[in-house]
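Before any comments, here is the structure.
Residues: numbered from 1 along the sequence shown. FYI, side chains are in, hydrogens and waters are out, and symmetry mates aren't considered; it's all heavy atoms of this structure.
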Amino acid sequence: MAEIKWWRRPWVVPLAFVAVAFVTFSLPPYLTGGSRVPLTNGLSWYYPLLVAHVSFASVAMLTCVLQVWPWFRQRYPRVHRITGRVYVFAGVLPAGIAGWVIGAVTPFGPVAMASSLIMPPLWLAFTVVGYRMARQKRFLDHRKWMLRSFVLTMSIITNRVWSVIAFLALEPRLDTTFHGDGTLLSYSVAGIATWLGWTVPLLVLQWRFDRAEARKRVRRPVTV
């Protein structure tokens with residue numbers, strides 16, 4: 001297989017920049033206790049587990065940038081395998097388990113809670129299946145499942161984008177639709193953002209998979 005030149009994937013640098021910038025600005029407030037995330041029902045374990053989730057998810061976010069870079073994967077296959085294990089065992093698995101637990105008691109409303117209970121198991125499942133595919137040397141399937149894992153890893157960024165969009169769309173309706181209830185507004189924004197943050201990228205990715213398969217069928221010679 002011909003080596004894919006690094007410059008033939010111009011999305012890598014912006015992706016790496018976004019991932020590093022997001023972790024740089026998002027992680028320190030949790031580590032120093034300065035995060036403004038509200039505590040839930042006075043649960044003493046909630047914030048430490050939230051910090052653990054954010055920390056492990058940061059590991060997953062940074063390592064997955066290397067994992068989806070074709071040039072790096074081809075040029076440094078051994079490092080790709082090592083960072084892949086870091087992504088799985090020091091990133092997604094602990095972050096997903098912690099995320100599922102804190103999702104059950106999220107302070108952002110029932111709609112966000114439903115998303116937070118569904119997404120982490122899918123994130124864990126996609127990652128575990130992708131890892132098993134690699135162990136079985138089924139590399140095409142491995143890449144597909146790991147790309148699904150990747151979009152869920154990065155969904156926290158798209159979540160933030162949808163939060164801004166939802167707030168700008170709904171905030172003018174605070175005194176009408178929400179009857180001046182700021183909590184109800186925040187629940188609505190969080191619910192929209194948490195669901196769209198991961199479902200839209202996952203659907204787009206599946207559409208790309210289906211489109212690629214359709215193209216292969218068109219190019220495949222017809223045998224009589």
Ser186 OG to Glu171 CD distance, which is reported to the nearest 0.5 Å: 12.5 Å
Just jot down the side chain to side chain contact (heavy atoms under 4.5 Å, CB included) partners of Val86, sequence neighbours excluded, or say none. Val59, Thr63, Ala90
Name all pairs fulfilling the side-chain hydrogen bond (donor to acceptor under 3.5 Å, both in side chains) condition that reach into residues 190-203, sequence neighbours left out, sorted by first residue then second. Ser115-Trp198
Check step by step if side-chain contact (heavy atoms from CB on, under 4.5 Å) holds for Leu147 and Arg208. CA-CA 11 Å; Leu147 281 173; Arg208 288 180 61 87; over 6 Å; no
How would you list all residue pairs meeting side-chain hydrogen bond (donor to acceptor under 3.5 Å, both in side chains) that involve residues 128-137, not counting sequence neighbours? Gln136-Arg138
Please name all residues satisfying side chain to side chain donor-acceptor pair (under 3.5 Å) with Ser116, sequence neighbours left out, ordered by chain then number. none
Quick one: closest heavy-atom pair of Thr106 and Ala112, and the distance? CG2-C, 4.4 Å
Taking every heavy atom of Met154 against every heavy atom of Cys64, the minimum-distance pair comes out as SD-SG, 3.8 Å
Please answer: with hydrophobic residues joined when any side-chain heavy atoms are less than 4.5 Å apart, are Leu62 and Ile82 in the same cluster? no
Hits for side chain to side chain contact (heavy atoms under 4.5 Å, CB included) against Ala134, two or more places apart or cross-chain, chain-then-number order -> His142
Show, in sequence, the C-alpha distance, side-chain angles and deciding distance for Phe56 and Phe89, and conclude whether the side-chain contact (heavy atoms from CB on, under 4.5 Å) test is met. CA-CA 9 Å; Phe56 289 124; Phe89 296 107; over 6 Å; no
Gap separating the CZ atom of Phe126 from the CG atom of Leu202, nearest 0.5 angstrom: 5.0 Å
Can I get a per-line list of side-chain donor-acceptor pairs under 3.5 Å for residues 15-28, giving both atom names and the distance, sequence neighbours left out?
unit_1	atom_1	unit_2	atom_2	d
Thr24	OG1	Val20	O	2.6
Ser26	OG	Phe22	O	2.8

Could you tell me which non-hydrogen atom of Gly96 sits nearest to which non-hydrogen atom of Pro120, and how far apart they are? O-CB, 3.5 Å
Should Ser55 and Tyr30 count as side-chain neighbours, where that means a heavy-atom distance under 4.5 Å? no
Test side chain to side chain contact (heavy atoms under 4.5 Å, CB included) applied to Leu124 - qualifying residues, sequence neighbours left out: Val92, Leu93, Ile97
Scan residues 144-167 for pairs that pass side-chain hydrogen bond (donor to acceptor under 3.5 Å, both in side chains), counting only residues two or more places apart or in two chains. Tyr87-Ser149, Tyr87-Thr153, Trp123-Thr153, Thr127-Ser149, Lys144-Glu213, Arg148-Gln206, Asn159-Ser163
List for me each residue that meets side chain to side chain contact (heavy atoms under 4.5 Å, CB included) alongside Phe178, sequence neighbours excluded, and say none if there are none. Leu170, Arg173, Leu174, Leu184, Leu185, Ser188
So which atom in Val68 and which in Pro70 form the shortest heavy-atom distance, rounded to 0.1 Å? O-CD, 3.1 Å
So which atom in Gln67 and which in Gly84 form the shortest heavy-atom distance, rounded to 0.1 Å? NE2-CA, 3.2 Å
Side chains of Trp45 and Val105: closer than 4.5 Å at any heavy-atom pair? yes
